[in-house]
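Predicted model, so just to flag it, every value in this text is computed and none were measured. Each chain gets a letter, A, B and so on, in the order its sequence line appears, and its residues count up from 1.
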There are 2 protein chains.
Amino acid sequence: MTTLKDPPQAADDHADLWLTPGELASWLSVVRLITRLPWAIDAQLQRDADLSMTEYMAMAMLAEAPDRTLRMSRLAEMTSVSLSRLSHLVKRLESRGYARREPDPVDGRFTNAGLLPAGMRKLEEAAPGHVALVRHLMVDNLSAERLRRLGQDAERIVQRIDSPAR
Amino acid sequence: MTTLKDPPQAADDHADLWLTPGELASWLSVVRLITRLPWAIDAQLQRDADLSMTEYMAMAMLAEAPDRTLRMSRLAEMTSVSLSRLSHLVKRLESRGYARREPDPVDGRFTNAGLLPAGMRKLEEAAPGHVALVRHLMVDNLSAERLRRLGQDAERIVQRIDSPAR
DNA sequence: GAGTTTGACTTGACGGTTCAAGTGAATCAG
DNA sequence: CTGATTCACTTGAACCGTCAAGTCAAACTC
């Protein structure tokens, strides 16, 4: 789908012009991946633990941070979400008793988010099912070499996304 | 981050247990990709054309379909969205004058969605900027071979997502 | 061929995300 | 040392996606 050949004499126009058929096919596969993979991960976590992927990731990052605590801004970049979104998200975690927030005593502009014991338990309870799915879809589905390269390519694209130019 | 070694004697627990450090790193890179790439694509389309990626994709699929028309259910699977979501989405496109809906005259259970001329113009206007970004982030950023393999891996994962088991 | 079932959507309410504006703490400028 | 600015969030409204329930048309079922 979305096959396009020659830019200049544009006789065949549809969606993604000016990509070769092969490039287009690869791109559309990636689009399907970035659409469905989050959906699949979310669905499992939602069903089994009533958590979104972002909530899980945020709790996981907190869990391994020193003192299970991180600044909101740091946590936001680690989880690739906006500060606003994180603020709402942590407020929800807080209301569920999984996390806690307090202004940094040293510099009052910072807010430190910490994972509470109940949050840690929730995470430990959710982890096996989540990991099993990741294993099923990714780790056991690709050779070690291809998984490694996939990670590299992903990282390369992400770096370009938040590189200055553009 | 999220380094975990040995499952049995679980001394180090955080997020993703029972993945080797390498597997975890690859997975986290992919998580960043599936989080930020949609965001980047959406941001460009939103800014330059006031369209979401899903809206763009749906219009693109319609544009290259025969008679610029597709059944809702077919369009839903082509764009990887639920029928419900597509219904809302097409209703919005309809209200903007980009698309049109009508029950299939042959079998009234189907609804055919069609792209209107204004939608086609909108798409043609949005395409160059969108394609340029895809080129910048993906096509020009990876070798042809790696792009091809990335597409293959993506497809393999997607297939496992909607494979019966699990 | 009336009643049930199935298929293909549509709708509305709810909840999460985004965006713009606001708050309050530190820092800088004179 | 005071007023403006910058930082690091927080808030609220608008918008979008999801989920459950509803609609309406065809296809069985007896």
Take B:Arg121 and B:Glu124, measure what salt bridge (charged side-chain N to carboxylate O under 4.0 Å, His left out) needs, and give me the verdict at the end.
CA-CA 5 Å; B:Arg121 283 195 300 279; B:Glu124 281 166 347; over 6 Å; no

Judged by modelled atom types alone, do B:Asp48 and B:Gln44 share a side-chain donor-acceptor pair under 3.5 Å?
yes

Taking for B:Asn112 and for A:Ser52 the nucleotide of DNA chain C with the nearest heavy atom, the one nearer the 5' end belongs to B:Asn112

Using the closest heavy atom to pick a nucleotide of DNA chain C for each, name whichever of A:Ser82 or A:Gly108 lands nearer the 5' end.
A:Ser82

Give a yes/no on whether any side-chain N or O of [X] is located under 4.0 angstrom from OP1 or OP2 of [N].
X        : N      : answer
B:Arg85  : D:dC19 : no
A:Lys91  : C:dG16 : no
B:Arg109 : D:dA25 : no
A:Arg101 : D:dT10 : yes

Let me know the distance between [atom1] of [X] and [atom2] of [N], rounded to the nearest Å.
X       : N      : atom1 : atom2 : answer
A:Gln46 : C:dG15 : CD    : P     : 12 Å
B:Glu55 : D:dG17 : CD    : C1'   : 12 Å
A:Leu89 : C:dG15 : CG    : C1'   : 13 Å
A:Arg71 : D:dC9  : CZ    : P     : 8 Å
B:Asp50 : D:dC15 : CG    : P     : 11 Å
A:Leu75 : D:dA8  : CG    : P     : 15 Å
B:Asp42 : D:dC15 : CG    : P     : 17 Å
A:Leu86 : D:dT10 : CG    : C1'   : 12 Å

Please work out if [X] contacts a base, only the sugar-phosphate, or nothing of the nucleic acid, heavy-atom cut-off 4.0 Å.
X        : answer
B:Ser84  : base
A:Thr111 : sugar-phosphate
B:Val90  : nothing

When only distance counts, do a donor and an acceptor, one from the side chain of A:His88 and one from the base of C:dG15, lie under 3.5 Å apart?
no

Heavy atoms from C-beta onward define the side chain here; which of [options] lies closest to that of [X]?
X        : options                : result
B:Leu83  : D:dT10, C:dT18, C:dA8  : C:dA8
B:Arg92  : C:dT11, D:dC16, D:dT11 : D:dC16
A:Phe110 : C:dC9, D:dC9, D:dT18   : D:dC9
B:Ser87  : D:dT18, C:dT11, D:dA8  : C:dT11

How far does CG of A:Leu89 sit from OG of A:Ser82, to the nearest 0.5 angstrom?
10.0 Å

B:Trp18 backbone acceptor or donor facing A:Arg135 side chain under 3.5 Å
yes

For the backbone of B:Arg101 and the side chain of B:Glu94, can you confirm whether one donor and one acceptor N or O come within less than 3.5 Å of each other?
yes

Under a 4.0 Å threshold between the charged nitrogen and the carboxylate oxygen, would B:Arg96 count as salt-bridged to B:Glu55?
yes

